[in-house]
Amino acid sequence: MEMDIDDSCKARGEEERAKPIVVILMGAPGSGKSTFCEHVIRSSARSWVRVCQDTINNGKAGTKVQCLTNAVSALKEGKSVFIDRCNLEKEQRVDFVKLGSPQVEVHAVVLDLPAKLCISRSVKRTGHEGNLQGGKAAAVVNRMLQKKELPKLSEGFSRIMFCQNESDVKAALDTYSGFGPLDTLSHGSFGQKKPDTKVQLGIMKFLKKVEAPSNAGASASSIQGSAASQIIEEKNSCCGGKETASSLSHTAGEEVRGCQDPGVGSTSRNGSSSDGPILAFPSISTADFQFDHEKASDIIVEKVEESMDKLGNAKLVLVDLTRGSKILSLVRAKAAQKNINPKKFFTFVGDITKLYSEGGLRCTVIANAANWRLNPGGGGVNAAIFNAAGPALEVATKEQAKTLVPGSAVVVPLPATSPLSSKEGVTHVIHVLGPNMNPHRPNCLDGDYVKGCHVLQKAYTSLFEGFLSIVSTQAKLSQESNEKIKLEPSQSQGHSKDGPRNHSPTGDQKNKRDGVREHEISKKCKGSQNEVGTSINSFRAGKVNAENDKRDVSTSKAWGSWAQALYHIAMHPERHKDILLDILDDVVVLNDLYPKAKKHLLVLTRCDGLDCLEDVRKEHLQLTKTMHAVGLKWAEKFLDEDASLVFRLGYHSVPSMRQLHLHVISQDFNSKLLKNKKHWNSFTTAFFRDSVDVIEEISNEGKATLKDDDRLLSMELRCHRCKSAHPNIPRLKSHISNCRAPFPTSLLQNDRLVLAPSNTNNP
DNA sequence: GTTCTAGAAC
DNA sequence: GTTCTAGAAC
């Protein structure tokens, strides 16, 4: 008999002795964090260490790294830790959340008390350890509270207590004072009476910090296992063993039978979590919606094939209840024909709601062939999933979306209270609505397979994108937590020797900086604010639609520090006068630092919140026109100097550098800095979106089409004029230096190329 | 042996 | 985005 997840976890939990925990306090100065700690420490049976940034450095203020180091060593000694610093912004607490592990839970206690109270306490206070006294305190508290981002379970907390008045604080004190070394506290988010969504959203808009669907706004009693926390749990779960790829290495020609093959079951049951997440999905529309199986199987295989490159270590599994089902055999045959990697995609016979408990296959994400109302009823997979998941799924689903249009999908983080989560290890359900060919069901396409195939393709695209968005969040989180644990202790030693000069910008300093930024935004970019809000809402809702919501995946994109240079220039042009060719109200102009042609300029928007083409919407139409006009002016200036040049103006579909910028680049590509395939293809394939087309699309459709397929950048090297192929960059460059073929007609249309009037390429 | 690419690190 | 470099390609 196989143990289910709960049992095995319990068994292990009982073997071990006291488990230390980390409690991250959050609150403005004067909210009572230190008092809280002292009170608990005095009366608790646990052994606590209070890590206070204000005093950590021999009674003086220290660094965050010092705090982390001290916390790590306290945990090693089996002591529980209070992190006593403001921690009001998510970014400030993220590293402390990473102190958590399967053995160490991370809790949050939010002292979300009225600002007035905090201020009056701070002002009155004398001899406070952080030396925050007097009139300055009011300003500091206010400024900090403006930045307040209430914690969410998705950040990695297993428990959050919100305290909004003194009696809440008392309750939290009692909870932790009486929290003995062997006790456990229930997981979830407690005490949030008035979810501060308005403030949250404002800050989110401004900072563009978009997270996986969260529980902000959930009722006080809701215990929502959110994406991040569950994934981390999953990753380090006591049930997660090692899996070798071979345990899943069934050829596409094989059918993996669930519960009837104990061998398969026992090897793969532990593995998927350590070897990458798995999406289990039913065939969409082929059951009740009566979609042609032959056509559906083509589409499944086609869409699976498209996703292969993006999967990383994730896997896709097509699941069907019945052995020898037609759709499974068709898909298997076609997948084998196309040489689709059977380790990344295979078929499985079993109940999609019991893949782990009965089939030994651990799938963290399952897809549901939903109905348009997202109702539990009906039959088949939909009824089975809603039944198995219990009411929690229904509630979580309704929080995300009310209805679904054919061809779209919605990602629903599954609350930890759902049996599907606890028994099967499912963290997310993705509802997908496919096309309907059944006249007895809504939206029947009446045999129109042109449309039907299109909708089914969209449905799978949406499904796989939804899955990939979950995977990328997971990958990022686990990578970060691994890195930090390894890095921080050694770094911290170095820092402590250097003394407090190496402080990361926290507190006052950072607030000042951000204050300036906020001011600039409200001044400069009123138009875009609503827009950013919209995108956040759609992300929060977890909707994924192949047609218009790719941004859901990328809004969460993290920009590396190296990718911020343009952003800094755009925000503070006055500091970069030496490299700027022009500073205008809405844009600045500069030479590309690494020009890929004789002339290569960037026209950079000054609007905060516009990171890339994907963020551009109708509100930015005028801005894109301005950028084009400015770029054109410069191109024409260069053409005056050298009439042989030809310019193209456009955007990269997915830029490497943050902050929307228009490339103005001469088509000679005569630059030793053009070194690799990516350089070449980013300017000569569909990845490069002509400014004129972008403007037209924004005007007509409200947004630009992106060609963000990675394959574009690794395509064979072809001359941009005669389209001849070349084996490597040096050979290509030697060719283009001599090629005088006319430009392709597509480029000669619609003013995509900018030429001197005398140029013979001019049609 | 040299050239070139592609992936990791920054 | 670049730089660095191992190893593939020649």
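Just so we're on the same page: letters track the sequence lines, and every chain starts at 1. The structure displayed is predicted, hence computed values, not measured ones.
Looking at A:Arg93 and A:Glu89, no side-chain N of the basic residue comes within less than 4.0 Å of a carboxylate O on the acidic one, giving no salt bridge. Using a 4.0 Å cut-off between a side-chain N of Lys or Arg and a carboxylate O of Asp or Glu, A:Asp309 and A:Lys344 do not qualify as a salt bridge. We find that A:Asp668 and A:Lys598 are not joined by a salt bridge, their nearest charged nitrogen and carboxylate oxygen being 4.0 Å or further apart. For A:Lys633 and A:Glu636, the salt-bridge test fails: no basic side-chain N is under 4.0 Å from an acidic carboxylate O.
Taking every heavy atom of residues 668-681 of chain A and every atom of DNA chain C, pairs under 4.0 Å involve A:Lys675, A:His679, by number.
With rounding to whole Å, A:His726 atom NE2 is found 13 Å from B:dT5 atom P. Atoms NE2 (A:His600) and C1' (C:dG1) sit 11 Å apart, rounded to a whole Å. A straight line from CD of A:Gln564 to P of C:dG1 spans 14 Å, rounded to a whole angstrom. As rounded to whole Å, 5 Å separates atom P of B:dT5 from atom CG of A:Asn728. In this structure, the OH atom of A:Tyr594 is 9 Å from the C1' atom of C:dT3, given to the nearest Å. The nearest whole Å value for the distance from the CG atom in A:Leu590 to the P atom in C:dG1 is 13 Å. Atom CD1 in A:Ile569 sits roughly 12 Å away from atom C1' in C:dG1 (whole-Å rounding). Between A:Leu717 atom CG and B:dC4 atom P there is a gap of 12 Å when expressed in whole angstrom units.
Aromatic ring orientation, A:His720 versus A:Phe669: perpendicular (interplanar angle above 60°, classes split at 30° and 60°).
Put simply, A:Trp562 rests on the base of C:dG1: the two rings are less than 5.5 Å apart at their centres and nearly parallel, under 30°.
Using a 4.0 Å heavy-atom distance criterion, A:Leu566 is classed as making no nucleic acid contact.
Aromatic ring centres of A:His652 and A:Phe683: separated by under 6.0 Å.
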